[in-house]
Amino acid sequence: MSDLHHRPAPADRPVVLSARSVWKVFGEDEAAFRARPGPNRAPAALERDGLVGAVQEASFDIARGEVFVIMGLSGSGKSTLLRCLTRLIEPTEGEILYHGEDILKLPEKPLAELRRTRMGMVFQHFALLPNRTVLGNIAFPLEVQGMARAEAEARARALVEVVGLSGREDRMPSQLSGGQQQRVGIARSLATDPEFWFLDEPFSALDPLIRADLQAEVLRLQREHQRTAIFVTHDLDEAIRLADRIAIMESGRIVQIGTAEDLVTRPATDYVRRFVAKVPPAKVIRVASLMSAEVMPDAVETVPAASTIAAVAPRLVAGSGPLAVTDASGLPVGCLDRQTALRTLAEGV
Amino acid sequence: MADTSPTSPAHQAGRTGAGRYAACAAAVAALFVLALLLPPALRDLPPAAVVPLADWTGDALNWFAREASIAGLPVSGITRAVASAAQWPIEALQVLLADGWAKGAGFNRVQIAPPLSWAGITMAAALLAWRISGRGLGLLTLGAGLYLALFGLWTSAMTTLASVLLCVIAALAIGLGIGIRAYRTPSVEPAVRAVLNVMQTVPIFSYLLPTLLLFGYGPSAALFATVVYALPPMVHATVLALRAVPAETLELAKMSGCSRHQTLWKVELPVAVPRLAIGLNQVVMMTLNMVIIASMIGAGGLGYDVLRALRRLDFGAGFEAGMGIVVLAVVLDRLTQTAARNRAQGRTGLWTRRDSLLALALLAVPTAASLAVPALAAWPKALTLTTAPFWNGAVSVINTHFYDALEAVRASVLIHVMNPLRDGLAALPWLAGVLALALAGWRLGGARLAGLLAGLSLFVVLTGYWQAAMGSVYLTLLAVLLALAVGMPFGIWAAGRPGLRHGIDLVLDTLQTLPTLVYLLPAVMLFRNGDFSALIAIASYAIAPAVRYAMAGMQHVPSERLEAAAMAGCSKWQSFVHVRLPAALPTLLLGVNQTVMMALSMLVIAALVGTRELGQDVFTALSRGETGPGIVAGLCVACIALSVDAILKSGASRAARHQGETHV
Ligand SMILES: Nc1ncnc2c1ncn2[C@@H]1O[C@H](COP(=O)(O)OP(=O)(O)OP(=O)(O)O)[C@@H](O)[C@H]1O
Ligand SMILES: [Mg+2]
């Protein structure tokens, strides 16, 4: 594990959530684990003593407004890590800092207050309350906060609209399809307008088409309010589509943190390489990575630096000569050689 | 043979061989021979060696009830206060449902307000049944109400219903409380479960004794006994229902920042409601059963009518009141079961505000009208229907025409089967019994099971109830064999006929909801008092699980195994013997277990027809108000139940290891 393969949080935004050497071991003798010196924490040593190292020494920073995706195979410790961040699972060791404050030191009351006001969570199996209507489910977190009934209901109605369930306010969860149920789950998690948004494989129980719809929905809702989102999935396409950065876990350890492009072009281990082997490079490599710095003031055709090569493919095949590259504000920052770009496009097809 | 060495317990025994059984049989035979040579003290425990646990218990409870005081308050004062506090809701319900509000007594009696009219209650209940279930249950409820009213059973039925309502509410509240506590404090849970398991095996009468001592003869003692009796299933249901709340749902509660209080009331309990409703159904049925039995200590109602009829040998009246209990049981069962099912399937909104208003009107109008038309308050005696003479006539016809035949059956069974077994068991020295049990335990489950069985049987020996216990074993054994001999083949036969399934399930459900007392009536009508009637009553009560488990076991044989057998060219009979039966064995063994448990719980009720065993000891103690012997004899029944349970469970789990899962 080298820092080379851990891309830090974007420097232009404040860090809002950090994990520092977080461990979670399951087993009879969890308490004695803290006394162990470093070498005795190797996977083989843990296994010998009947301990499961579900999360091992996880460290990372997440910046405001980032979508941080945790990815890995089944049993690699994604859910455990996510639950350590919210303290739904008590980490065995380490620090979880929200705006620099360690929540592992918080007593029960302030922790509940923190969750109530600043965190929202979407669950894999929706976790809807079967005895409440759509509206009642969405209003539930507000009700727990002690908000007046009329106000809570008004907020919930607005959210029903946002997730596209108008007209179904009074249905019971059992009368909804899976996709609709998860829409309710999403609306509920946003009812308190949380700063941190946790999603644990929210779409793995849904059909591919519905999944794509909801992914777009999640992106829209996250961008609109600059929420910091931590998203667990085992679906690489989903991760690429949503993530600013992806953390890859392998049996409890984070083996690499980076953009989708980092993973494909500079995989940290064989494990990561095999993981991303099926991804066409053009889908993740951005124009900015292939461009040269010389600016061509008179170029007619321009492409944005942040686009992937696949996204600008129609323009690559339609003409000849280099293209001008522009940054977010439209200013020229460099130029893209058509041949280089086309070669990338042809790779992995 | 190496495998009889003491270091080869349970699992080796699974590798069967004729030699193994021969060795066991030889050991048992040796025990009996040894027993004959035993000194007398090891055959019959001399009275001097009996631990006077019964006396101690009796003395302790007497002292507690009469002289002890808690925090300066005498217990007798507390119980009296509690009893009179409990009296109040009983009377209030009694006024509302049965008696109406009156002042004065005898000639000075002035009726101020009538009770709710039978017509009103019947129609409102039928409306409820119709709304939550459909026309069928509505008509059934209507019919039940009419039966109770027209046959002059209405007042008794309402007394019973009032007790059931109160007990259910109390058991629900207390059971929920204990269940929630046990669920939340994992350290408390094993203790609670252990107590509940014993409570569920102690015979029903044993509950009546301490309450009788503490609260005196009357409705409130009956109420307390019933609530205590109905608690275990409610606690069990609560713990199970709360445990079944999905982990994600609990995480949702935490992430929403719920306090413990909010988690319980807004998340855990509402999500658990469908499962709790199933528990409620059980509680209602157990309460009804106990309220009927508790008429012996003054609960009144339909149970009292049956008892009185039994004592006067007025079978017709007894049968009629018994049918009253049956219709009440069936309606209560179907109503609560439908409600539970609706809950589980998320069907709500079946009962609207308009229905509530309509029900109120249905109650109010006939009740108001009953001021002018007395027949609406109480069905006039002159118009009461009765079939009692018919039944009495039928019984006497049977007795005159078939007396010889019935008597011949009875006598030959008694002489050739029942009496020899009874005498044989009575002659069994206690030491031989204890050793045989310990040996069986060791073969089946190793040293732990052997220790448990030896301990349980020694308890019975040392408290001086060994002889009586052998009487119970003899009666239970025969009844179980009879139930199995009839029930299991029938179940196996019925399992192959899916068309019959629904009908059989319905009959079994109904049989299992009937209060135990009802089973005595037909047996006594045909065979009079005595062991033979008891045998018939117990066997007919215990037959339902035998049929049910046999059907379940046969239906769940893995289909690949059957296909494999068919491909191997097995005949129907071969595939039955070699595939179906072995696969169903674990389930069948559980069925045997259930049958034994049912038989044991009926044993004590059967004491009413004059048996000689532990049940009779409990019953006699009850009628004499001797608390100590009643409780200890009851605990001895529990010992038998726990022993059989342990033996059969380990047998079933061993069979399951070889054959795969059990299916219930
Ligand atoms: N309560 C527990 N006790 C013991 N071991 C546990 C517990 N919870 C999780 N584990 C173990 O920790 C490891 C990580 O589990 P986790 O649920 O975090 O995996 P995951 O990556 O979320 O997998 P999935 O994709 O299947 O959800 C697994 O090996 C699991 O068996
Ligand atoms: Mg997971």
Side-chain angles (χ1 to χ4, degrees), chain A residues 79 82-83 85-90 108-133 136-147 152 170-176 184-185 188-189 191-192 194 196-202 205, chain B residues 132 172 176 180 183-187 190 237-238 240-280 338-354:
Chain A
S79 299
L82 185 83
R83 280 164 175 70
L85 295 180
T86 54
R87 242 182 110 182
L88 282 175
I89 290 178
E90 199 70 39
E108 198 172 324
K109 278 248 172 73
L111 178 66
E113 184 63 27
L114 180 74
R115 287 179 181 149
R116 195 181 299 165
T117 52
R118 289 166 63 190
M119 297 179 183
M121 182 154 172
V122 184
F123 297 89
Q124 181 170 0
H125 303 289
F126 322 139
L128 299 186
L129 298 176
N131 55 313
R132 286 168 177 255
T133 60
N137 264 290
I138 297 176
F140 176 74
L142 301 171
E143 201 181 309
V144 172
Q145 283 188 343
M147 185 181 281
D170 295 322
R171 298 267 182 98
M172 297 311 265
S174 56
Q175 298 168 315
L176 298 177
V184 178
R188 178 181 61 191
S189 73
T192 57
F196 297 96
W197 200 16
F198 298 92
L199 305 99
D200 185 9
E201 303 205 25
Chain B
I132 67 171
L172 209 60
L176 266 178
I180 290 171
Y183 163 73
R184 292 199 150 186
T185 331
S187 55
T238 308
L240 289 180
L242 289 175
R243 284 242 189 86
V245 175
E248 266 193 356
T249 306
L250 295 179
E251 289 182 337
L252 162 77
K254 278 192 180 165
M255 287 307 285
S256 308
C258 287
S259 62
R260 270 173 75 100
H261 187 77
Q262 285 172 321
T263 307
L264 181 66
W265 290 100
K266 285 179 186 285
V267 178
E268 291 176 312
L269 284 179
V271 172
V273 159
R275 278 162 200 272
L276 288 176
I278 297 171
L280 173 71
T338 314
R341 196 164 337 117
N342 287 344
R343 270 295 182 174
Q345 294 168 354
R347 289 204 283 151
T348 50
L350 298 168
W351 181 260
T352 59
R353 258 181 92 95
R354 244 190 43 219

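Note that the structure is predicted; figures quoted are calculated from it, not measured. Proteins get letters first, then strands, A, B, ... in listed order; numbering begins at 1 in each.
Between the side chain of B:Glu251 and the backbone N or O of A:Leu88 there is no donor-acceptor pair closer than 3.5 Å.
Heavy-atom distances place no part of A:Arg87 under 4.5 Å from chain B, backbone and side chain included. Heavy atoms of A:Gln124 lying under 4.5 Å from chain B belong to its backbone as well as its side chain. Heavy-atom distances place the backbone of A:Phe126, and not its side chain, under 4.5 Å from chain B. When heavy atoms are compared at a cutoff of 4.5 Å, B:Gln262 approaches chain A solely by way of its side chain, counted from C-beta outward. Contacts of B:Pro246 with chain A are absent, with no heavy-atom separation under 4.5 Å from either backbone or side chain.
Counting heavy-atom neighbours within 6.0 Å of B:Arg184 CZ, excluding the residue itself, gives a total above 12. Applying the 6.0 Å contact sphere to CZ of B:Arg275 captures no more than 12 heavy atoms from other residues, nucleotides or ligands.
B:Val267 pairs in a side chain to side chain contact (heavy atoms under 4.5 Å, CB included) with only one of the listed residues (A:Val144, A:Leu129, A:Asn131), which is A:Leu129.
In this structure, NE2 in A:His125 is found 10.5 Å from OG1 in B:Thr249, a value given to the nearest 0.5 Å. Note: A:Arg83 CZ to B:Lys254 NZ = 10.5 Å, rounded to the nearest 0.5 Å.
Annotation: maximal heavy-atom pairing with chain B below 4.5 Å, among A:Lys109, A:Arg115, A:Glu143, occurs at A:Arg115. Among A:Gln145, A:Met121, A:Glu108, A:Arg188, the residue with the largest count of heavy-atom pairs under 4.5 Å with chain B is A:Arg188.
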